[in-house]
Amino acid sequence: MARRLIGATLERVIPRGEPDAGTLVSGRIVETEAYLPNVDPACHGYRGPTKRTASLFGRPGHAYVYLIYGVHLCFNVVTESPGTGAAVLVRAIEPLAGVDAMQRRRSPHTPRWALASGPGNVCRALGIGRECDGANLRRGDLRIVFPEVVPSRIAVTARVGLSAAARWPLRFYDPASRSVSRLPARERGR
DNA sequence: AGCAAGATTAGC
DNA sequence: CTAATCTTGCTA
């Protein structure tokens, strides 16, 4: 699933009451990480459900949004059947629609390609908040649309920032996209 | 009850 | 390199 999400579009229609209400903000997913069921010590579901991970153990195709480091939000797509607890983290998207609205949620000086580079930035740029936790991603304000054409090449590396299962090759990205976070210097700027 | 670490990021 | 500061799990 993490692999299949590369090239898909993540889109949100900003709801009433928020800045830029009614605006479509969207981007092409260029970086994901898989968190596996049952066997993955880095997965939030590894030690069973908690209050925070309720939606992770809910229905596949729904959102799991949580706060990390007490500061940033991370957006995930639940991948397994209810009660299992596994997901894909969306780490970066390349802005498509609503660039001005994204710009306003970041800073006016953030370069376009960097608006949603990094998992915390994805949530900030699209205005994804904790109220999105558990949202159905097939219908509603927040959606994922799969592409007709899949990317020709997808790079696979270890996941970012882990101590447990640190070397498992579960991070996927489009090496042609500048919006990927933490690209090795070797691959940057092509 | 107290504490350390964590799927991060912007700013010294 | 550090602060910011929420949630969880481990130790006492």
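Naming: A, B, ... by sequence-line order, numbering from 1 per chain. Computed from heavy atoms alone, side chains included, the values below leave out hydrogens, waters and symmetry copies.
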Query raised in the report: Distance-only, no hydrogens or angles: does the A:Thr50 side chain make a donor-acceptor pair with backbone N or O of A:Thr53 under 3.5 Å?
Result: yes
Report task. May I ask you to decide if A:Asp174's main-chain N or O and A:Ser177's side chain share a donor-acceptor pair within less than 3.5 Å? Result -> no
Query raised in the report: Reading nucleotides 3-12 of chain C from the 5' end, what letters show protein touch, with B for base, S for backbone sugar-phosphate only, - for no heavy atom under 4.0 Å?
Result: -BBBSSS---
Query raised in the report: Can you pull the contact range of chain A along DNA chain B, 5' to 3', using atoms under 4.0 angstrom from its heavy atoms?
Result: B:dG6 to B:dA10
Query raised in the report: Is the backbone N or O of A:Leu170 less than 3.5 Å from a side-chain atom of A:Arg159, with the two atoms forming a donor-acceptor pair by type?
Result: no
Query raised in the report: Can you give the dot-bracket line for DNA chain C, using ( ) for pairs inside the strand, [ ] for pairs that cross earlier ones, | for pairs with another strand and . for unpaired bases, where Watson-Crick and G-U count if both distances are under 3.5 Å?
Result: ||||.||||||.
Report task. Would you please indicate yes or no on a ring centroid separation below 6.0 angstrom for A:Tyr66 and A:His44? Result -> yes
Query raised in the report: Does any N or O in the side chain of A:Arg106 come within less than 3.5 Å of the main-chain N or O of A:Leu115, such that one atom is a donor and the other an acceptor?
Result: yes
Query raised in the report: Which value, in whole Å, describes the distance between the C1' atoms of nucleotides C:dT7 and B:dA10?
Result: 23 Å
Query raised in the report: Pick the nucleotide of DNA chain B nearest each of A:Arg124 and A:Ala87; which residue has the one closer to the 5' end?
Result: A:Ala87
Query raised in the report: With rounding to whole Å, what would you report as the distance between C:dT2 and B:dA4 at their P atoms?
Result: 16 Å
Report task. Could you tell me whether A:Asn121 contacts a base, only the sugar-phosphate backbone, or nothing, with contacts defined as non-hydrogen atoms closer than 4.0 Å? Result -> sugar-phosphate
Query raised in the report: Do A:Arg112 side-chain atoms and A:Pro95 backbone N/O form a donor-acceptor pair below 3.5 Å?
Result: yes
Query raised in the report: Distance-only, no hydrogens or angles: does the A:Arg12 side chain make a donor-acceptor pair with backbone N or O of A:Leu126 under 3.5 Å?
Result: yes
Query raised in the report: Got a donor-acceptor contact below 3.5 angstrom from the A:Thr32 side chain to the A:Ala2 backbone?
Result: yes
Query raised in the report: Taking the side chain from A:Asp133 and the backbone from A:Val65, do they hold a donor-acceptor pair closer than 3.5 Å?
Result: yes
Requested in this report: Walk me through it: do A:Thr9 and A:Arg28 pass the test side-chain hydrogen bond (donor to acceptor under 3.5 Å, both in side chains)?
Outcome: CA-CA 5 Å; A:Thr9 301; A:Arg28 185 172 166 274; over 6 Å; no
Report summary line: Result for 5'-nearest mapping on DNA chain B, choosing between A:Arg106 and A:Ser163, is A:Ser163
Query raised in the report: With distance as the sole test, does A:Asn76 use its side chain to make a donor-acceptor pair with the main-chain N or O of A:Tyr64 at under 3.5 Å?
Result: yes
